[in-house]
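So you know, we letter chains A, B, ... as the sequences are listed, proteins then strands, and number each from 1. In this text the structure is predicted, and so the values were computed from the model without any measurement.
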2 protein chains.
Amino acid sequence: MSSESPGPAAAFASVAVGEFGDDLTPTGRRVTRRRQRTRERLMEAGFEVFAERGLSATIEEVCERAGYTRGAFYSNFRTTEELFFALYERLAAATLARAREAVSMARDAVGQAQSGGDVVEAAVEEFLSLAMSPDDRSWWLLSSEYALHAARDPEFAERLAVLRKRLQDELDHFIVSALAQAGLSATIQPEKLSRVLTALHMGALSQSFEDPDGPTYQELLRLALPFVIRGLTEPRSGGWHEPGQG
Amino acid sequence: MSSESPGPAAAFASVAVGEFGDDLTPTGRRVTRRRQRTRERLMEAGFEVFAERGLSATIEEVCERAGYTRGAFYSNFRTTEELFFALYERLAAATLARAREAVSMARDAVGQAQSGGDVVEAAVEEFLSLAMSPDDRSWWLLSSEYALHAARDPEFAERLAVLRKRLQDELDHFIVSALAQAGLSATIQPEKLSRVLTALHMGALSQSFEDPDGPTYQELLRLALPFVIRGLTEPRSGGWHEPGQG
DNA sequence: TGTATTAGATACGGCAATGTATCGAATGGC
DNA sequence: GCCATTCGATACATTGCCGTATCTAATACA
């Protein structure tokens with residue numbers, strides 16, 4: 001009989017974030033293919049429902065979507081916020097995946113344009129030729145939701161910052177190598193270039209969704225991206241030099 | 001005795017949006033300095049509370065902040081969403097005001113740099129020297145909230161689109177004349193330039209708030225803005241020519 | 001100043017979502 | 001195939017918020 005425990009769910013809550021290797025429960029061992037399965041389905045449902053209805057979505061809504069009842073939820077998470085937080089890894093993974101995909105397209109284009117025309121222009125163009133995935137709207141909605149929630153809940157913000165940094169680092173590294181493959185190197189701190197590009201990306205994304213009649217995401221980036229890239233990179237001489245470092 | 005009415009509040013709800021001139025109530029005349037006053041205070045409270053707690057804020061929270069009880073609220077609005085919507089005008093006004101203020105600073109700088117160095121660089125620099133107002137965070141929060149809510153509620157989106165367009169037009173016009181005063185003219189459709197700049201602005205704003213340890217808003221814009229402006233404007237020859245128009 | 005009317009406060013009833021406590025069913029080890 | 005255990009469903013009490021229906025105090029006009 002649970003006498004002092006704050007509910008068994010607490011211990012599992014952070015599993016999805018990767019805190020634990022896996023497979024441990026308060027009392028001992030014995031976990032559970034079934035559990036993983038329902039966690040998975042709850043998270044999938046959470047993704048959909050949060051995208052549709054935001055963080056004010058109900059626990060019951062999530063459960064219904066997943067095909068469970070509230071009992072299953074409370075056995076796996078403490079609150080909707082907990083589930084929401086656990087979902088961040090998906091957002092990060094999807095972001096990276098899309099970036100990789102888009103850049104690999106661009107890379108091919110660069111190979112061809114290398115000899116002939118403008119490398120940057122060609123790369124950007126190919127990058128943008130990727131139609132945005134239908135999921136992008138959902139991802140954008142979720143991103144905004146994360147930002148808002150973090151802005152209002154310091155504790156959540158703190159936890160999120162850790163994950164966010166992980167993603168940011170991967171993106172930084174990735175962008176640098178992508179540029180390198182295009183024969184370019186940043187003339188400012190690569191992380192800053194990465195932030196500038198991210199800002200541009202997010203701004204264009206937001207605007208295209210907020211005003212469906214306005215310019216598309218592609219159009220906006222097509223207009224701005226080449227100038228920014230050319231302005232902040234150079235043709236692969238030495239790259240960025242740490243200022244004040246001998 | 002109200003027999004068929006859906007509540008007296010309905011008729012007033014749209015006043016703040018400027019649908020009606022003012023001063024009309026279901027039964028006849030007789031409105032009301034007092035009413036305006038409380039509307040004002042409710043909206044002010046709404047601004048604060050929505051920024052702090054988002055659209056899931058409670059009617060009671062708003063009323064408490066304003067120093068009223070729920071009775072006052074229902075006498076003026078139907079739902080929190082109604083109040084939220086009415087607040088958009090404030091957002092628009094603040095946006096324009098800030099833009100004007102910032103550009104008027106930049107204008108002065110241009111006057112001085114005209115003869116000497118780089119006009120664009122000087123203007124951007126001065127534009128950015130304006131410290132962001134402490135309210136900016138609240139405005140950003142609210143903007144995101146509008147975007148999210150509109151993305152999820154088509155009806156709200158439709159109503160909002162009207163107001164948004166109004167603001168957009170003002171911004172467009174404003175940016176064009178600001179550029180002109182700096183001796184520049186757009187080489188693409190001015191509205192598109194306006195959107196690009198807005199996207200950049202919003203992206204930088206978001207990022208600076210989402211990641212307080214990262215580059216500031218100013219830093220991000222300082223890095224990107226000059227290249228975009230130079231890329232999409234020219235030194236005031238003729239300006240943009242409608243394509244396919246003789 | 002007196003009176004008609006309106007703004008806002010107070011007092012319900014109702015509902016939707018929550019969290020817990022308990023129970024039956026599925027699962028994995030033997 | 002049996003048993004120990006855990007997972008998820010069900011039942012229940014509770015709470016918070018909403019919207020309406022009155023009621024009282026403030027306001028405009030005579």
| query | In chain order, what residues pass the side-chain hydrogen bond (donor to acceptor under 3.5 Å, both in side chains) check against A:W139, with sequence neighbours excluded? | reply | none
| remark: Note: contacts of residues 54-66 of chain B with DNA chain C (heavy atom, under 4.0 Å) are none
| message | Rounding to an integer number of Å, can you tell me how far B:Y68 OH sits from D:dT24 P? | response | 21 Å
N/O-N/O pairs, protein side and nucleotides 12-15 of chain C side, under 3.5 Å:
none

| query | Taking atom CD of A:E52 as the centre, does the number of heavy atoms from other residues, nucleotides or ligands within less than 6.0 Å exceed 12? | reply | yes
| query | Side-chain N or O of B:T38 less than 4.0 angstrom from OP1 or OP2 on C:dG8? | reply | yes
| request: Kindly state each residue pair satisfying salt bridge (charged side-chain N to carboxylate O under 4.0 Å, His left out) with at least one member in residues 67-77 of chain A, sequence neighbours excluded. | output: A:E60-A:R70
| note | Per-helix bend value, the helix from C:dT1-D:dA30 to C:dC30-D:dG1, C1' rotation axes over five pairs per end, 10° rounding, shows 30°
| message | Output the rounded distance in Å from CZ (B:F73) to C1' (D:dG19). | response | 12 Å
| said: Let's see if you can work this out: which of D:dA9, D:dC7, C:dA9 has an atom nearest to the side-chain heavy atoms of B:A72? | reply: C:dA9
Hey, can you pull the donor-acceptor pairs under 3.5 Å for the side chains in residues 41-50 of chain B, sequence neighbours left out?
| from | atom 1 | to | atom 2 | distance (Å) |
| --- | --- | --- | --- | --- |
| B:R41 | NH2 | B:A66 | O | 3.2 |
| B:E44 | OE1 | B:R90 | NH1 | 2.9 |
| B:E48 | OE1 | B:R65 | NH1 | 2.9 |

| Between D:dA28, C:dG28, D:dG19, which nucleotide gets closest to the side-chain atoms of A:R33? | C:dG28
| request: For A:L42 and D:dC7, give me the distance from atom CG to atom C1', rounded to whole Å. | output: 12 Å
| remark: With sequence neighbours left out, the residues meeting side-chain hydrogen bond (donor to acceptor under 3.5 Å, both in side chains) with B:Y68 are none
| query | Does anything in residues 137-146 of chain A pair up under salt bridge (charged side-chain N to carboxylate O under 4.0 Å, His left out), and if so which pairs, sequence neighbours excluded? | reply | A:E145-B:R152
| said: Suppose we screen for side-chain hydrogen bond (donor to acceptor under 3.5 Å, both in side chains). Which residues come up paired with B:R53, at least two apart in sequence or across chains? | reply: B:E61
| Whole angstrom value for the distance that separates P of C:dT6 from CZ of B:R39 | 17 Å
| message | Parallel, tilted or perpendicular, judged at 30° and 60°: which one describes the rings of A:H149 and A:F84? | response | perpendicular
| query | Does a side-chain heavy-atom distance below 4.5 Å link A:L141 with A:F209? | reply | no
| query | Among the nucleotides D:dC7, C:dA9, C:dT20, which one has an atom lying closest to any side-chain atom of A:Y74? | reply | C:dT20
| query | What integer distance in Å separates B:R35:CZ from D:dA28:P? | reply | 13 Å
| Atom-pair distance (CG on B:N76; C1' on C:dA7), nearest Å | 8 Å
| field | Non-neighbouring partners of B:D211 that pass salt bridge (Lys or Arg N to Asp or Glu O under 4.0 Å), sequence neighbours left out | value | A:R195
| Roughly, in whole Å, what's the span from CD in A:Q36 to C1' in D:dC7? | 14 Å
| field | Residues in salt bridge (Lys or Arg N to Asp or Glu O under 4.0 Å) contact with B:D169, at least two apart in sequence or another chain | value | B:K165
| Set of residues satisfying side-chain contact (heavy atoms from CB on, under 4.5 Å) with respect to A:R34, sequence neighbours excluded | none
| Whole-Å distance separating the CZ atom of A:R37 from the C1' atom of C:dT27 | 16 Å
